[in-house]
Amino acid sequence: MDNKPAPMDLPTPNKLVEEEDDDSMLNHKKLGGIKTMPFILANEICDRFASSGFHSNMITYLTQELNMPLVQASNTLTNFGGTASFTPLIGALIADSFAGRFWTITVGSIIYELGLVSITLPAVLPSLRPPPCPTQQNCQEASTFQLWILYISLLLTSLGTGGIRPCVVTFAADQFGSDKMITGRSKKWNFFNWYYFSMGLATLTALTVVVYVQENVGWGWGLGIPTIAMIVSIIAFVIGSPLYKKIEPGGSPLIRLAQVIVAAFKKRKETAPENPKLLYQNKELDAAISLHGRLVHTDQYKWLDKAAVVTESESVSSNPPNLWRLVTVHRVEELKTIIRMLPIWAAGILLVTSSSHLHSFVIQQARTMDRHLSKSFEIPPASLSIFGILTTLSGLVLYERLFVPLARRFTGHPSGVTCLQRMGIGFVINIVATIVSSFIEIKRKSVAAHHNLLDDPKAIVPISVFWLVPQFCLHGIAEVFMSVGHLEFLYDQSPESMRSTAAALYWTAISMGNYIGTLLVSLVHKYTGENSNWLPDRNLNRGKLEYYYWLVSGIQVLNLIYYIICAYLYTYKPLEEVTEEEEEDGEFNGKKISEKGVELTVNETA
């Protein structure tokens with residue numbers, strides 16, 4: 001009897017690779033989820049606390065501590081605010097191309113911290129700022145050296161913001177996997193609503209605690225507290241690193257978009273087939289940029305389809321082909337999706353233009369009004385923003401618990417209204433808020449005139465600062481609809497491999513709006529004369545701020561008309577979605593899904 005042991009079934013190299021891939025996929029699925037939120041949100045809450053505490057009262061620091069004229073100070077903040085909203089586009093491209101979101105957030109946070117340290121030093125060291133000027137007349141302004149310290153610190157914070165803003169919200173959303181869990185189609189809660197709610201709490205805390213310290217304790221501690229908070233945010237974020245689901249960057253999205261344009265141009269004389277199924281598709285090539293489903297063919301911008309036409313001279317067996325001559329339908333649709341989004345995105349630019357300087361002007365209004373809550377306690381002007389934040393926070397909860405269920409009964413839409421409808425409501429409320437602001441300014445000046453205080457820029461007009469509360473509340477309600485809806489639209493409708501870039505578009509709209517807002521304020525200040533200037537440097541009582549409010553209200557009305565036309569013509573992104581169970585089985589019944597609820601079954605084998 002042969003007692004030789006039976007030959008062992010040794011694993012082949014291919015089987016070893018498959019087992020390793022299975023293990024890595026299993027580990028990848030264990031990463032992410034709700035357990036990562038304490039670290040990510042702790043980072044973002046501390047970051048938002050730091051940035052809100054730093055920026056919310058900066059107009060006071062520039063005018064009262066550095067003795068800058070009002071328009072120069074407002075333009076300085078708006079210009080650097082515009083820069084801080086433009087750099088996210090660069091940060092997003094870096095994250096999506098090669099660095100990934102985790103490292104982009106980490107490096108951006110460190111740069112931001114350096115900026116906070118730089119601006120805290122002049123607040124601590126008197127030699128780095130001009131002498132005090134309590135009368136605000138014939139003041140010695142900051143020297144060139146002192147201004148350069150300010151500009152460098154603002155530039156560093158702007159650069160750091162470029163790494164944080166476009167990546168944090170998308171990185172947090174990545175931890176939950178499919179879009180359904182993010183936008184609330186299969187969940188009762190909406191991630192973006194609660195994300196915005198958490199940021200609102202951080203901002204509220206900063207506007208109460210930090211601003212009070214700046215006004216009553218000193219600017220050293222007032223800027224030092226945000227600096228310390230930013231250090232805490234970096235530590236919290238890095239500690240959670242082992243738990244995060246880190247999606248590998250899919251390559252430069254700009255290069256992919258350029259490849260589609262170049263390939264379509266090279267094949268401009270080719271004729272696209274009638275049947276879109278004959279266009280080039282390659283699941284393996286698109287796997288890294290379509291984790292949750294591929295974009296399917298649409299009939300818009302059909303001239304771009306020529307980039308996916310397979311000619312006789314091209315061999316589709318080569319994997320990958322020359323992507324400057326032949327691209328997949330998914331990549332063509334990525335470009336189409338971005339083109340469709342741009343008109344809606346652009347509507348946010350003029351909205352920001354209209355509101356870019358309102359915060360600075362309202363703070364100056366509040367400084368001339370009775371701010372007493374009691375005989376011994378005055379509300380800091382910058383802290384008035386807490387009414388807008390409180391309205392936003394309560395509005396987000398009421399939106400989820402009351403508005404969505406009620407609207408769902410009438411529309412049948414899972415979210416109550418589409419994100420485009422949500423944005424449109426926000427546009428209308430914002431116009432009403434600006435008009436209300438103009439009437440409150442008329443009331444403030446009429447009281448000042450009645451008490452002969454128009455020529456005294458330091459006088460306290462006997463009118464309660466709480467007259468400004470209604471406009472803050474209206475702006476807060478507008479935020480619930482406009483800002484959250486805009487962010488949700490960009491995330492939901494953008495190609496999944498370009499979501500950091502899409503989030504950066506949100507901030508780029510703010511950047512462009514801030515720059516145009518600066519141009520608008522400068523032109524108004526220059527051409528409205530010296531004697532009856534709408535926006536005077538020192539004495540707001542002799543200005544015509546209400547005229548400026550009417551001007552921006554008119555701009556917003558024109559912008560609303562443009563937005564309604566764009567929203568009416570917009571086509572929602574169609575996507576073949578894959579469920580987790582179907583992914584594991586290797587087969588799925590993909591659904592071509594649009595935001596409007598249209599579903600077309602597409603039977604395929606993964």
Side-chain angles (χ1 to χ4, degrees), residues 57 59-75 130-141 211 214-216 357-385 387 433-475 521-553:
N57 205 23
I59 186 70
T60 301
Y61 180 75
L62 297 187
T63 55
Q64 304 290 321
E65 299 294 318
L66 297 185
N67 301 332
M68 293 176 69
L70 173 61
V71 171
Q72 181 187 351
S74 183
N75 282 343
C133 183
T135 63
Q136 287 295 293
Q137 293 179 343
N138 301 319
C139 301
Q140 178 183 331
E141 297 182 15
V211 171
Q214 290 169 349
E215 294 280 349
N216 296 278
H357 286 70
L358 296 187
H359 182 71
S360 298
F361 294 148
V362 170
I363 288 179
Q364 295 305 308
Q365 285 177 283
R367 196 166 287 282
T368 68
M369 301 170 76
D370 181 11
R371 296 179 281 114
H372 282 92
L373 287 178
S374 66
K375 290 184 178 180
S376 59
F377 181 77
E378 280 188 322
I379 237 185
S383 291
L384 282 174
S385 298
F387 294 104
T434 309
I435 294 174
V436 169
S437 300
S438 68
F439 289 122
I440 292 174
E441 173 61 5
I442 293 173
K443 172 67 176 177
R444 187 192 69 84
K445 288 202 303 181
S446 68
V447 175
H450 180 73
H451 291 84
N452 298 317
L453 298 174
L454 290 177
D455 294 316
D456 186 356
K458 298 293 289 182
I460 301 300
V461 180
I463 179 176
S464 174
V465 76
F466 291 102
W467 276 87
L468 297 173
V469 171
Q471 68 193 63
F472 278 105
C473 293
L474 286 170
H475 281 298
V521 167
S522 298
L523 291 175
V524 168
H525 181 66
K526 181 177 181 180
Y527 291 107
T528 53
E530 293 183 5
N531 296 327
S532 59
N533 198 288
W534 290 11
L535 304 171
D537 281 329
R538 298 292 179 186
N539 188 1
L540 198 62
N541 294 332
R542 283 296 182 183
K544 303 288 184 183
L545 184 58
E546 67 274 16
Y547 290 1
Y548 175 78
Y549 285 145
W550 291 341
L551 173 64
V552 298
S553 296

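Excluded from the calculations below are hydrogen atoms, water molecules and symmetry mates; all remaining heavy atoms, backbone and side chain alike, are included.
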**Q** Working to the nearest 0.5 angstrom, can you tell me the gap between R444 CZ and L545 CG?
**A** 8.0 Å
**Q** Please, which pairs that meet ring-ring contact (aromatic ring centres under 6.0 Å, His included) have at least one residue in residues 434-464, sequence neighbours excluded?
**A** none
**Q** Using modelled atom types only, decide if a donor and an acceptor are shared between the side chain of N541 and the backbone of L453 within a distance under 3.5 Å.
**A** yes
**Q** If you measure from OG on S438 to CG on L551, what distance do you get to the nearest 0.5 Å?
**A** 11.5 Å
**Q** Between Y549 and I435, is there a side-chain heavy-atom distance shorter than 4.5 Å?
**A** no
**Q** Look up atom NZ in K526 and atom CG in N533, then write down how far apart they are to the nearest 0.5 Å.
**A** 12.5 Å
**Q** Tell me, please, which residues at least two apart from Y548 pass ring-ring contact (aromatic ring centres under 6.0 Å, His included).
**A** F361
**Q** Show which side-chain atoms of residues 459-473 pair as donor or acceptor with protein atoms under 3.5 Å away, not counting sequence neighbours.
**A**
from : atom 1 : to   : atom 2 : distance (Å)
S464 : OG     : F466 : N      : 3.1
Q471 : NE2    : S437 : OG     : 3.4

**Q** Do the side chains of K544 and E441 get close enough for a salt bridge, i.e. N-O under 4.0 angstrom?
**A** no
**Q** Could you go through Q214 and T60, starting from their C-alpha distance and side-chain angles, then the distance that decides it, and tell me whether this counts as side chain to side chain contact (heavy atoms under 4.5 Å, CB included)?
**A** CA-CA 10 Å; Q214 290 169 349; T60 301; over 6 Å; no
**Q** Just jot down the side chain to side chain contact (heavy atoms under 4.5 Å, CB included) partners of E378, sequence neighbours excluded, or say none.
**A** R371, H372
**Q** Could you list all the ring-ring contact (aromatic ring centres under 6.0 Å, His included) pairs where at least one residue sits in residues 521-546, not counting sequence neighbours?
**A** W534-Y547
**Q** Please enumerate all residues that pass side chain to side chain contact (heavy atoms under 4.5 Å, CB included) together with Q364, with sequence neighbours excluded.
**A** I59, T63, L70, L540
**Q** Look up atom CD in E546 and atom NZ in K445, then write down how far apart they are to the nearest 0.5 Å.
**A** 3.5 Å
